[in-house]
Q: 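Quick one: the structure is below, questions incoming.
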Amino acid sequence: MLMKAEPAMIEPAPVERPTPDADTVLYANRIEKTYPNGTRALDEMSLRVQRGDFISLLGPSGCGKSTLLKMYAGLEAPSHGHLRWAGADAPGKSGLKTAMVFQEATLMPWADVATNVRLPLDLAGVPKAESEPRVQRALEQVGLGKFGKSYPRELSGGMQMRVSIARALATEPDVLLMDEPFGALDEFTRNKLDADLRGLWAQKQGKLTVVFVTHSIHEAVFLSSRVIMMAARPGRIVADLPIDEPVRDEEFRLSARCADHCRDLSIRLLAASGGQLEHD
Amino acid sequence: MTPILKRPGAMKIVAPIACGIFMFLAWEILCRVTKVPIYLVPKPSDIITTLWTDGPGLLRALGVTLKITFLAFFVAVVVGVTAAFLFVQSKLIEASLFPYAILLQVTPVVAIAPLIIIWFKDPTVALVICATLVALFPIISNTVLGLRSVNPGLLNLFRLNGATRWQTLVRLRIPSALPYFFGGLRISSGLALIGAVVAEFVAGTGGTGAGLAYEILQAGFQINIPRLFAALVLISLTGIMLFLLMAWLAKLSLSHWHESELA
Ligand SMILES: Nc1ncnc2c1ncn2[C@@H]1O[C@H](COP(=O)(O)OP(=O)(O)OP(=O)(O)O)[C@@H](O)[C@H]1O
Ligand SMILES: [Mg+2]
């Protein structure tokens with residue numbers, strides 16, 4: 001690997017063995033991903049996600065963030081190495097509820113908002129008497145309590161995105177995987193939703209694990225307890241940095257400390273991409 | 001007052017009717033001016049008179065044609081949807097059977113109608129089979145396309161939430177397929193009518209079970225051209241009605257969400 005001189009960059013991952021550590025929620029051991037068409041999306045990497053982490057995967061377009069997240073969701077299998085979900089070999093067997101928020105809202109256009117949010121509960125066979133209050137609560141959490149009867153096409157892009165977040169929240173997940181959920185939103189809405197998300201995570205007091213994919217350095221710094229920095233061609237992890245800031249509020253967002261973190265990350269990101277952003 | 005054509009919805013009704021009236025008027029005037037004999041081109045007024053005087057006979061024939069059309073359409077929908085579901089369940093089934101569905105589609109019904117009429121003694125059964133063969137393919141191909149045209153993100157969502165095959169079918173694939181299915185219905189309903197008429201032409205069955213095609217054949221033999229036109233008008237009107245009925249059904253079931261039916 002290239003950046004040997006950088007002290008804070010992680011060394012080529014030591015060979016890890018799966019351990020029955022109850023607090024390791026997601027455990028990637030020397031996984032690689034090559035798509036059937038030959039695209040090498042992820043080079044060998046290892047990563048351990050602890051219960052209660054708020055992790056951001058940060059990196060330029062095409063560095064394999066979505067690929068890694070899909071593997072975490074069990075939607076893609078690594079081509080080498082292995083993944084463990086709380087020790088189990090499939091997310092469904094881990095006893096942990098996993099929910100994912102996709103890059104697009106991904107709503108069923110023929111169903112109203114409440115039905116969309118209720119979908120995962122319906123699929124799991126939760127009776128309506130129980131699911132309906134949960135749906136309502138989730139909608140209120142994202143500020144859409146009055147929109148249960150609306151159809152997705154009647155909502156703005158930001159509202160649709162919030163519906164898809166409510167759908168994930170309604171399942172009361174232990175692991176929340178989010179793929180650039182706010183990427184398409186304006187900055188105001190995005191800041192607001194970032195703050196809400198962070199508040200929600202803090203409320204769960206270490207029970208909720210979030211893996212959050214973003215392009216935005218600022219968003220990663222504001223949200224996460226740990227930033228995993230990735231680089232492209234081939235996709236790989238280049239740094240694993242904790243953000244030790246207990247309070248994340250508007251004041252922190254505008255503070256010099258936040259700006260310092262961002263600057264630090266930008267410099268590392270540039271260094272990792274060989275001084276230039278992605279080009280083909 | 002807003003001009004009639006500017007009113008919402010009016011254009012779709014008023015414009016084609018105005019256009020039709022204009023054409024019929026032009027036809028009527030041309031016929032009167034050039035004095036074309038009635039056994040070559042009858043005037044619209046002759047056709048209307050015939051529709052009135054020969055009404056009972058023509059309507060009975062229309063009833064027969066309609067019966068065959070609807071039976072064939074119904075069978076085509078049932079068989080077509082079943083086939084589509086089978087095709088989507090397994091690539092092997094689709095690979096083995098789809099070429100034969102195409103074979104049915106490309107074989108002209110006039111070519112196989114005589115065989116079918118020989119095989120099935122009952123003329124109604126034979127005609128329904130012929131018309132079904134004509135109407136079947138759009139239902140199969142559209143429904144297959146629809147069942148496959150599922151948003152991959154939604155498919156991932158269902159997978160992630162451990163949806164069974166059945167749940168995915170009922171809650172995702174079928175609703176996604178509906179707009180395509182209704183597109184197929186629209187094409188197929190017209191084809192069922194065409195199939196019913198063409199098959200009857202080939203069969204040439206007369207008597208009490210005679211449909212509009214037989215009326216046209218007879219009118220042709222007797223050089224009763226106004227009656228021929230009258231039968232033709234009934235067939236066209238039936239086709240338009242079928243189309244409108246399908247459009248209305250589609251609107252009824254899709255209007256709350258699908259782009260094609262919004263305002
Ligand atoms: N289904 C697929 N088949 C083949 N190649 C793929 C597939 N999905 C992704 N890739 C490739 O894998 C690489 C990583 O893609 P991925 O979507 O994980 O990137 P990303 O980091 O999420 O990018 P972005 O920030 O633009 O969403 C890219 O080069 C992409 O072209
Ligand atoms: Mg992505």
Side-chain angles (χ1 to χ4, degrees), chain A residues 66 69-77 85 90-94 96-113 115-126 131 149-155 160-161 163-164 167-168 170-171 173 175-181, chain B residues 8 81 84-85 88-89 91 142-186 246-263:
Chain A
S66 298
L69 211 64
K70 278 185 202 151
M71 289 198 281
Y72 279 155
L75 297 172
E76 292 278 355
W85 292 262
K93 296 182 196 161
S94 64
L96 296 174
K97 219 168 279 163
T98 305
M100 183 156 175
V101 177
F102 297 90
Q103 216 159 339
E104 292 91 34
T106 322
L107 303 174
M108 301 180 290
W110 55 84
D112 64 17
V113 164
T115 311
N116 266 291
V117 174
R118 211 179 52 230
L119 178 78
L121 304 176
D122 285 350
L123 291 177
V126 178
S131 65
K149 290 263 174 292
S150 304
Y151 280 87
R153 66 180 166 83
E154 297 162 347
L155 307 182
Q160 293 184 11
M161 210 58 227
V163 173
S164 83
R167 179 175 61 197
T171 64
V175 181
L176 183 54
L177 307 172
M178 306 180 92
D179 193 352
E180 289 182 51
Chain B
V81 168
F85 277 111
V88 177
Q89 285 315 304
K91 280 269 176 220
N142 272 36
T143 312
V144 166
L145 183 67
L147 290 170
R148 291 251 157 84
S149 301
V150 174
N151 175 338
L154 280 174
L155 210 52
N156 275 341
L157 180 78
F158 273 67
R159 267 219 287 158
L160 190 68
N161 286 290
T164 60
R165 245 175 123 87
W166 176 250
Q167 284 174 322
T168 311
L169 182 70
V170 171
R171 305 196 57 141
L172 181 58
R173 288 194 189 275
I174 290 179
S176 306
L178 274 187
Y180 296 83
F181 170 71
F182 280 113
L185 278 195
R186 242 180 247 203
M246 293 307 124
W248 176 74
L249 268 181
K251 195 166 187 71
L252 206 64
S253 44
L254 301 179
S255 64
H256 65 293
W257 68 276
H258 199 255
E259 297 88 350
S260 65
E261 300 295 343
L262 292 179

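Just so it is clear: chains get the letters A, B, ... in the order the sequence lines come, proteins before strands, and each one is counted from 1.
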Q: Does anything in residues 170-179 of chain B pair up under side chain to side chain donor-acceptor pair (under 3.5 Å), and if so which pairs, sequence neighbours excluded?
A: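 Passing the test, one end in residues 170-179 of chain B: A:D122-B:R171.
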Q: Which one wins on heavy-atom pair count under 4.5 Å against chain B: A:E104, A:R167, A:K70, A:K97?
A: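 Among A:E104, A:R167, A:K70, A:K97, the one with the most close pairs to chain B is A:R167.
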Q: For the atom pair OG1 (B:T168) and CG (A:L123), what is the distance rounded to the nearest 0.5 Å?
A: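 The CG atom of A:L123 is 7.5 Å from OG1 of B:T168, to the nearest 0.5 Å.
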Q: Could I get the full list of side chain to side chain donor-acceptor pair (under 3.5 Å) partners for A:E76, not counting sequence neighbours?
A: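 With sequence neighbours excluded, A:E76 shows a side chain to side chain donor-acceptor pair (under 3.5 Å) to A:K33, given in chain and number order.
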Q: Looking at every non-hydrogen atom in both residues, tell me the closest pair between A:W110 and B:P175 and how far apart they are.
A: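 Here A:W110 and B:P175 meet closest at CE2-CB, 3.2 Å.
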Q: Not counting sequence neighbours, which residues clear side chain to side chain donor-acceptor pair (under 3.5 Å) with A:S66? List them please.
A: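 By the side chain to side chain donor-acceptor pair (under 3.5 Å) rule, A:S66 matches A:D179.
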Q: Heavy-atom distances under 4.5 Å only: say whether B:L172 touches chain A with side chain, backbone, both or neither.
A: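 Interface part for B:L172: both.
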Q: Do any of residues 156-165 of chain B have a heavy atom less than 4.5 Å from a heavy atom of chain A, and if so, which, in residue order?
A: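 The residues closer than 4.5 Å to chain A, in numerical order, are B:N156, B:L157, B:F158, B:R159, B:L160, B:N161, B:A163.
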